[in-house]
Asks: 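First the structure, which I've put down as structure tokens, then a few questions once you've had a look.
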Amino acid sequence: MTKEIISNARTGEKYTRVLHDSGLEILIWKTEGHSVKHALFGTRYGSVNTTFKTSDDPDFVTVPSGIAHYLEHKLFENEDCDVFDLYAQTGASGNAYTSFDRTCYLFSCTDNFIPSLRILLDFVRKPYFTEETVRKEQGIIGQEIRMYDDSPDWKVFFNLLEGIYHENPVRIDIAGTQESIAQINADLLYRCYNTFYNLHNMVLAIAGDVDEEEILSVCDELLKPCENKNLISIVPEEPDKVKDSYKEQSFEVAVPIFNLGFKSKPVSNDDIVRETVLCNMAEELLMGETSELYKTLYDGGLINSAFYFETFSGDGFFVPIFGGESRDPEKVREMLGAEIKRRIAEGFDPESFEIAKKHYYGSLIKGLGSPESIASGLINAGLRGTGDAFSVIEAVANASVEDVNACLKTRFDADNSTLSVIRPIEK
């Protein structure tokens, strides 16, 4: 086991990074005086990881969509009881989530941290699937898929991804489809579990007023060394251009809702923090509440307070997105496209950039006062493969207006975008 202290001179904060003998990376940030403690146990396995190989495989294998999410559901059931019943005995609040490129199991508590940590490490490491329980789960997940299919906010987003990407599995619902989950059986679940839940592919992140040596002692007891299988996961190569520039669907909504996304080259984990930070800054300068365009669109009734923007980035995908409600989404697209082209030609105002940068930096520093936020930052850093939870703060601190201008030119191509619209059903 090797241990190092990761510190940041800019903030004065520090945490411990441990490479455990089992192969697991463990990140522990002690926050003295906080009553709440958070733990996340995550794997680099999400909905996009459907094509992969290990050193045991002669070639790449492709499995049905939705298995990562399916596994998440099934791990909460063991041979004896439901895991939530175990957490109820310690008073911890447990949960889990599957995204496009990761699955995380988590809990928070004020007392009984070590017993709750034992539950977390134990159930995630003990899969139990039978053909009967797998078939039962198909009905439950099928119902979940149908529920999301009836959500306009969910559909406007996935319609956008279907319009942007030709082959990338990010365009498919995280839970899969009715057809894909029908192909899932116990053998496939065990194969994917043994591939992606290898401890060399996982991270444990903990934040709170905790005892580091006590945590490591529990890990020594419960986590046994495993062989690194040299896992490789790939996504299909994508054309540079979007698949469809416009997607539309009708729902029971009062006002049209929209997502506008710009297809952009994915980046490696080494660069994704910096590129995401720069993209977030560009979005803020383009359409933040203090921007000229936001005021124009808002005053003209073309957007309202539901407007938002985000940078959708991860393993094999990178899309700046603007969304919200609008009575004329095409006009919003037209005006935003014109503003992007103007800013590419003229550049952002340095004074406005500095204001946006200080606001961004301040929000990150504020997050250091929350164990939950800290634990989230730790797991993000660990699953990116860097283990540096201060990388976002440093990326913001080191960003320049020239960097953001360059990002705008490379990642906001108004002629390579997709507009997804959900319109009211015509009576």
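Quick caveat, the model's predicted, so the values are computed rather than measured.
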Asks: Quick one: do the W154 and D173 side chains pair a donor with an acceptor below 3.5 Å?
Replies: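 Yes, side-chain donor-acceptor contact under 3.5 Å.
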Asks: For K136, look at atom NZ and say whether over 12 heavy atoms of other residues, nucleotides or ligands are found less than 6.0 Å away.
Replies: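 Open.
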Asks: Take a 6.0 Å sphere around NZ of K30 and say whether it holds more than 12 heavy atoms from other residues, nucleotides or ligands.
Replies: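 Count over threshold, so yes.
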Asks: Checking side-chain polar atoms at under 3.5 Å, does S391 have a donor or acceptor matched by the opposite partner on R384?
Replies: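 Per modelled atom types, S391 and R384 side chains form a pair under 3.5 Å.
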Asks: To the closest 0.5 Å, what do you measure between CG (N159) and CG (L419)?
Replies: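 Spacing of CG (N159) from CG (L419) equals 11.0 Å.
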Asks: Using a 6.0 Å cut-off, check whether atom CD of E131 has over 12 heavy atoms from anything other than its own residue.
Replies: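 For E131, atom CD is crowded (more than 12 foreign heavy atoms under 6.0 Å).
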Asks: Does the distance from a Lys or Arg side-chain N to an Asp or Glu carboxylate O, for K155 and E252, drop under 4.0 Å?
Replies: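 A salt bridge is absent here (no side-chain N lies under 4.0 Å from a carboxylate O).
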Asks: Working note: S250 + E426, criterion side-chain hydrogen bond (donor to acceptor under 3.5 Å, both in side chains); need CA distance, chi angles, decisive distance, verdict.
Replies: CA-CA 8 Å; S250 296; E426 294 184 7; over 6 Å; no
Asks: Mark yes or no for whether S417, through its side chain, and A414, through its backbone, hold a donor-acceptor pair below 3.5 Å.
Replies: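 Yes, the answer is positive, given that a donor and an acceptor are paired below the 3.5 Å cut-off.
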Asks: Could you walk me through whether T50 and I67 pass side-chain contact (heavy atoms from CB on, under 4.5 Å), step by step?
Replies: CA-CA 8 Å; T50 55; I67 293 187; over 6 Å; no
Asks: Heavy-atom distance under 4.5 Å between the side chains of L293 and L286, does that happen here?
Replies: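 L293 vs L286: side chains apart.
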Asks: With the side chain counted from C-beta on, respond yes when S326 and F307 share a heavy-atom pair under 4.5 Å apart, and no when they do not.
Replies: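 Not touching, per the 4.5 Å side-chain cut-off.
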Asks: Under a 4.5 Å cut-off applied to non-hydrogen side-chain atoms, are P424 and P256 in contact?
Replies: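 The answer is yes, as the side chains (C-beta and beyond) meet within the 4.5 Å cut-off.
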Asks: I'd like a table of donor-acceptor pairs (distance under 3.5 Å, sequence neighbours excluded) in which one partner is a side-chain atom from residues 294-301, with atom names and distances.
Replies:
residue : atom : partner : partner atom : Å
T296    : OG1  : E292    : O            : 3.0

Asks: Does the pair E162/K247 count as a salt bridge with the N-to-O cut at 4.0 Å?
Replies: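 Looking at K247 together with E162, the answer is yes, because their closest N to O distance falls below 4.0 Å.
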Asks: Just grab all the salt bridge (Lys or Arg N to Asp or Glu O under 4.0 Å) pairs involving residues 57-67, residues at least two apart or on different chains.
Replies: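 For residues 57-67, and leaving out neighbouring residues, the salt bridge (Lys or Arg N to Asp or Glu O under 4.0 Å) pairs sorted by first residue read D57-R191.
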Asks: Using a 4.5 Å cut-off on heavy atoms from C-beta on, say whether the side chain of V267 contacts that of R274.
Replies: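 With C-beta onward as the side chain, the pair stays apart.
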Asks: Please tabulate, for the side chains in residues 196-207, all donor-acceptor contacts under 3.5 angstrom to protein atoms that are two or more places apart in sequence or on a different chain.
Replies:
residue : atom : partner : partner atom : Å
Y197    : OH   : Y105    : OH           : 2.7
N198    : OD1  : H200    : N            : 2.8
N198    : ND2  : E227    : O            : 2.7
H200    : NE2  : C226    : O            : 2.8
N201    : ND2  : T43     : OG1          : 3.2
N201    : ND2  : R44     : O            : 3.4
N201    : ND2  : F196    : O            : 3.0

Asks: With the threshold set at 4.0 Å, does a side-chain nitrogen-carboxylate oxygen contact exist between K74 and E77?
Replies: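 Yes.
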Asks: Taking the side chain from E238 and the backbone from E167, do they hold a donor-acceptor pair closer than 3.5 Å?
Replies: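 Checked: pair present.
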Asks: Can you name the closest pair of heavy atoms from L75 and V83 and give their distance?
Replies: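 L75 and V83 have their closest heavy atoms at O-CG2, 4.0 Å.
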Asks: For K126, is there an ion pair with D122 - N to carboxylate O distance below 4.0 angstrom?
Replies: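 A salt bridge is present here (some side-chain N lies under 4.0 Å from a carboxylate O).
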Asks: Taking all non-hydrogen atoms of both residues into account, name the closest pair between S291 and L285 and its distance.
Replies: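 That would be CB-O, 3.6 Å.
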Asks: If I take atom SG from residue C104 and atom OH from residue Y97, how far apart are they, to the nearest 0.5 angstrom?
Replies: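 Reported to 0.5 Å precision, the distance equals 3.5 Å.
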Asks: Taking only Lys NZ, Arg NE, NH1 and NH2, and the carboxylate oxygens of Asp or Glu, determine whether E346 and K341 approach each other closer than 4.0 Å.
Replies: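 Salt bridge between E346 and K341, a charged N being under 4.0 Å from a carboxylate O: no.
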Asks: Please check: side-chain N/O of T133 versus main-chain N/O of F129, any donor-acceptor pairing under 3.5 Å?
Replies: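 Looks like no, no N/O pair under 3.5 Å.
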Asks: So, are E275 and R411 salt-bridged, with charged N and O less than 4.0 Å apart?
Replies: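 Salt bridge flag = yes for R411 with E275.
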Asks: Hey, does the side chain of S370 reach the backbone of G367 with a donor-acceptor pair shorter than 3.5 angstrom?
Replies: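 No, the answer is negative, given that no donor and acceptor are paired below the 3.5 Å cut-off.
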Asks: Hey, could you give me the CD1/CZ distance between I140 and R135, rounded to the nearest 0.5 Å?
Replies: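 So the CD1 of I140 and the CZ of R135 are separated by 13.5 Å.
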Asks: Do E72 and T103 meet the criterion of a side-chain donor-acceptor pair at a distance under 3.5 Å?
Replies: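 Judged by distance alone, the side chains do not pair up.
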Asks: Could you walk me through whether K14 and E4 pass the salt bridge (Lys or Arg N to Asp or Glu O under 4.0 Å) check?
Replies: CA-CA 10 Å; K14 62 181 181 180; E4 64 177 322; over 6 Å; no
Asks: Looking at Y190, I'd like to know if its OH atom is crowded, meaning that more than 12 non-hydrogen atoms belonging to other residues, nucleotides or ligands lie closer than 6.0 Å.
Replies: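 Yes, enclosed.
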Asks: Without swapping roles, check the side chain of S373 against the backbone of L368 for a donor-acceptor pair under 3.5 Å.
Replies: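 Flag not set: sc S373 to bb L368 has no pair under 3.5 Å.
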Asks: Is it true that N304 and E325 share a donor-acceptor pair across their side chains at a distance under 3.5 Å?
Replies: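 Looking only at side-chain atoms, N304 and E325 do form a donor-acceptor pair, the distance falling under 3.5 Å.
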Asks: Sequence neighbours left out, what passes side-chain hydrogen bond (donor to acceptor under 3.5 Å, both in side chains) with T62? Give chain and number order.
Replies: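 Residues passing side-chain hydrogen bond (donor to acceptor under 3.5 Å, both in side chains) with T62: T51.
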Asks: For the pair S420 (side chain) and F157 (backbone), establish whether a donor and an acceptor sit closer than 3.5 Å, ignoring hydrogens and angles.
Replies: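 No, because the side chain of S420 does not come within donor-acceptor range (under 3.5 Å) of the backbone of F157.
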Asks: Can D349 and S352 be counted as having a side-chain donor-acceptor contact under 3.5 angstrom?
Replies: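 Yes.
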Asks: Let me confirm one number: the NE2-CG distance from H38 to L378, rounded to the nearest 0.5 Å.
Replies: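 Reported value, rounded in 0.5 Å steps: 12.0 Å.
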Asks: One thing to verify: whether K263 and D240 come together as a salt bridge, which I'm taking to mean a side-chain N less than 4.0 angstrom from a carboxylate O.
Replies: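 Here D240 does not pair with K263 in a salt bridge, since their nearest N and O are not under 4.0 Å apart.
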Asks: Give, for atom CD1 of I28 and atom CD1 of I215, the distance between the pair rounded to the nearest 0.5 Å.
Replies: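 Reported to 0.5 Å precision, the distance equals 4.0 Å.
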Asks: Is the count of non-hydrogen atoms from other residues, nucleotides or ligands lying under 6.0 Å from E372 atom CD greater than 12?
Replies: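 No, not enclosed.
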Asks: In Å and rounded to the nearest 0.5 Å, what is the CD to OG distance from E13 to S7?
Replies: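 Reported value, rounded in 0.5 Å steps: 10.5 Å.
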Asks: Looking at D101 and D315, would you say the former's side chain and the latter's main chain have a donor-acceptor pair under 3.5 Å?
Replies: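 Yes: the side chain of D101 pairs with the backbone of D315.
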Asks: Flag the pair R17 and E25 as a salt bridge only when some basic side-chain nitrogen lies within less than 4.0 angstrom of an acidic carboxylate oxygen.
Replies: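 Salt bridge present between R17 and E25.
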Asks: Can you tell me if Q138 uses its side chain to pair, donor with acceptor, with the backbone of I184 under 3.5 Å?
Replies: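 Between the backbone of I184 and the side chain of Q138 there is a qualifying donor-acceptor contact (under 3.5 Å).
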Asks: Has the side chain of E248 got a donor or acceptor atom that lies under 3.5 Å from a matching backbone atom of R423?
Replies: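 No; zero donor-acceptor contacts below 3.5 Å.
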Asks: Assess, by modelled atom type and distance only, whether the side chains of T418 and S245 contain a donor and an acceptor separated by less than 3.5 Å.
Replies: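 Judged by distance alone, the side chains do not pair up.
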Asks: Return each pair, listed once, that meets ring-ring contact (aromatic ring centres under 6.0 Å, His included) where at least one residue sits in residues 360-413; pairs must be two or more places apart or across chains.
Replies: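 Passing the test, one end in residues 360-413: Y15-F390, W29-F390, F262-F412.
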Asks: Do the side chains of I321 and L160 get nearer than 4.5 Å, heavy atoms only?
Replies: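 In contact.
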Asks: Carefully, step by step, assess E330 and R333 under the rule salt bridge (Lys or Arg N to Asp or Glu O under 4.0 Å).
Replies: CA-CA 5 Å; E330 289 89 347; R333 179 186 204 174; over 6 Å; no
Asks: Would you list the pairs meeting ring-ring contact (aromatic ring centres under 6.0 Å, His included) in which at least one residue belongs to residues 315-352, sequence neighbours left out?
Replies: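 Qualifying pairs: F100-F317, F312-F317.
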Asks: Does any part of the side chain of I164, heavy atoms only, come nearer than 4.5 Å to the side chain of R171, both counted from C-beta?
Replies: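 They are not in side-chain contact.
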Asks: Would you call K358 and E354 a salt bridge, taking side-chain N to carboxylate O under 4.0 Å as the test?
Replies: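 No salt bridge links K358 with E354.
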Asks: Quick one: does any side-chain atom of S22 pair with a main-chain N or O of P225 as donor and acceptor, under 3.5 Å?
Replies: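 Checked: no pair found.
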Asks: So do the side chains of T195 and F52 get within less than 4.5 Å of each other, counting heavy atoms only?
Replies: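 They are in contact (side-chain heavy atoms under 4.5 Å apart), so the answer is yes.
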Asks: Parallel, tilted or perpendicular: which describes the rings of F107 and Y87, with under 30° parallel and over 60° perpendicular?
Replies: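 Ring orientation, 0 to 90° scale: tilted.
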